[in-house]
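Structure record follows, encoded as structure tokens.
Remember, it's a predicted structure, so these values are computed and weren't measured experimentally.
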Amino acid sequence: MKQQRIDNGEKHLERVRRICLALPETMERLSHGEPPFFVRKKVFGMCSNNHHNDGHVAVLLPAAIGVQAALIEANPLKFYRPAYVGVRGWIGIELDQVDDEELGLHVQEAWRLIAPEKLQVQAQQSLNVKSAKLTSQKQTIKRTRRTTTIK
């Protein structure tokens with residue numbers, strides 16, 4: 001199972017890249033042979049593709065106090081305490097154990113923990129505007145359909 005996980009490493013890391021780079025002001029820079037992701041010069045995620053032959057193809061993310069232990073206890077096949085950053089509460093997530101939706105939720109939460117508060121507010125306001133525009137477009141489409149059907 002671990003060999004298959006390692007063989008699919010690049011595919012899984014591409015998933016992480018796509019999700020991370022969709023977040024506001026996120027940058028990727030190669031470091032220690034693996035791609036970490038930054039928001040305003042602070043790391044909020046790191047990829048691990050069998051780093052030092054540890055067998056993990058994972059993303060490492062900061063977690064709120066107490067979350068690391070709870071996740072590992074709930075599902076030790078999916079979550080683990082990574083070397084070096086695990087002592088600071090970061091969580092390792094095995095990429096072959098999560099779908100894109102769950103992965104996205106963990107990555108977004110990590111981004112929120114690290115991103116400056118002003119950037120989070122700006123991002124939320126931008127989402128609210130996009131959501132309002134989408135709602136307005138849906139209402140226009142419904143009105144157009146009703147008008148077309150009535151004639």
Side-chain angles (χ1 to χ4, degrees), residues 1-139 141:
M1 180 68 169
K2 279 197 176 190
Q3 186 58 44
Q4 181 183 12
R5 185 181 303 162
I6 293 165
D7 292 341
N8 289 327
E10 283 304 316
K11 177 185 78 168
H12 288 301
L13 297 180
E14 196 55 44
R15 293 171 53 215
V16 174
R17 179 175 285 117
R18 180 176 38 78
I19 291 168
C20 288
L21 293 177
L23 295 169
E25 296 193 32
T26 296
M27 294 175 37
E28 175 184 354
R29 282 181 277 179
L30 193 62
S31 174
H32 301 90
E34 306 282 357
F37 297 92
F38 297 80
V39 57
R40 294 210 180 150
K41 299 182 182 181
K42 292 186 176 186
V43 177
F44 74 91
M46 297 184 289
C47 292
S48 177
N49 190 3
N50 195 31
H51 195 69
H52 297 301
N53 295 312
D54 66 2
H56 297 287
V57 175
V59 63
L60 313 181
L61 302 169
I65 295 170
V67 171
Q68 180 197 63
L71 290 173
I72 293 170
E73 186 177 324
N75 193 336
L77 294 176
K78 186 186 295 187
F79 303 104
Y80 69 98
R81 183 178 175 182
Y84 311 113
V85 294
V87 296
R88 293 190 310 235
W90 284 50
I91 190 74
I93 303 173
E94 297 287 356
L95 293 171
D96 65 347
Q97 299 292 312
V98 294
D99 61 21
D100 284 358
E101 184 178 353
E102 181 180 0
L103 179 59
L105 292 173
H106 289 294
V107 168
Q108 288 170 16
E109 182 59 25
W111 184 90
R112 278 190 217 97
L113 287 169
I114 302 301
E117 194 171 322
K118 283 184 178 182
L119 179 57
Q120 291 182 49
V121 169
Q122 290 170 351
Q124 187 59 49
Q125 288 171 343
S126 175
L127 282 174
N128 291 344
V129 168
K130 287 178 184 175
S131 178
K133 284 181 180 178
L134 184 59
T135 301
S136 176
Q137 288 172 346
K138 286 180 181 178
Q139 290 171 345
I141 290 169

Discussion item. Tell me every residue that passes ring-ring contact (aromatic ring centres under 6.0 Å, His included) with Phe79, counting only those two or more places apart in sequence or in another chain.
Written reply: His106
Discussion item. I'd like to check the side-chain contact (heavy atoms from CB on, under 4.5 Å) partners of His51; sequence neighbours left out, ordered by chain and number.
Written reply: Glu34, Ser48, Asp54
Practice prompt. Answer yes or no: is there a side-chain heavy-atom contact under 4.5 Å between Pro116 and Arg40?
Written response: yes
Discussion item. Walk me through whether Leu119 and Trp111 qualify under side chain to side chain contact (heavy atoms under 4.5 Å, CB included).
Written reply: CA-CA 11 Å; Leu119 179 57; Trp111 184 90; 3.8 Å; yes
Are the side chain of [X] and the backbone of [Y] linked by a donor-acceptor contact shorter than 3.5 Å?
X      : Y      : result
Gln120 : Ala115 : yes
Gln68  : Ile91  : no
Arg15  : Leu103 : no
Asn49  : Val57  : no

Worksheet item: Would you call Glu14 and Arg17 a salt bridge, using N to O less than 4.0 angstrom?
Response: yes
What's the spacing between [X] [atom1] and [Y] [atom2] if we round to 0.5 Å?
X      : Y      : atom1 : atom2 : result
Leu21  : Met27  : CG    : CE    : 10.0 Å
Gln97  : Glu102 : CD    : CD    : 10.0 Å
Gln108 : Phe44  : CD    : CZ    : 10.0 Å
Leu113 : Leu61  : CG    : CG    : 9.5 Å
Glu94  : Leu77  : CD    : CG    : 8.5 Å
Trp90  : Leu60  : CH2   : CG    : 7.0 Å

Identify the two heavy atoms, one from [X] and one from [Y], that lie closest to each other, and give their separation to 0.1 Å.
X      : Y     : answer
Gly92  : Pro82 : N-CD, 3.5 Å
Val107 : Cys20 : CG1-SG, 3.7 Å
Glu28  : Pro35 : OE2-CB, 3.1 Å

Item to complete: Tell me, yes or no, whether the heavy-atom count around Leu30 atom CG, taken from other residues, nucleotides or ligands under 6.0 Å, exceeds 12.
Response: yes
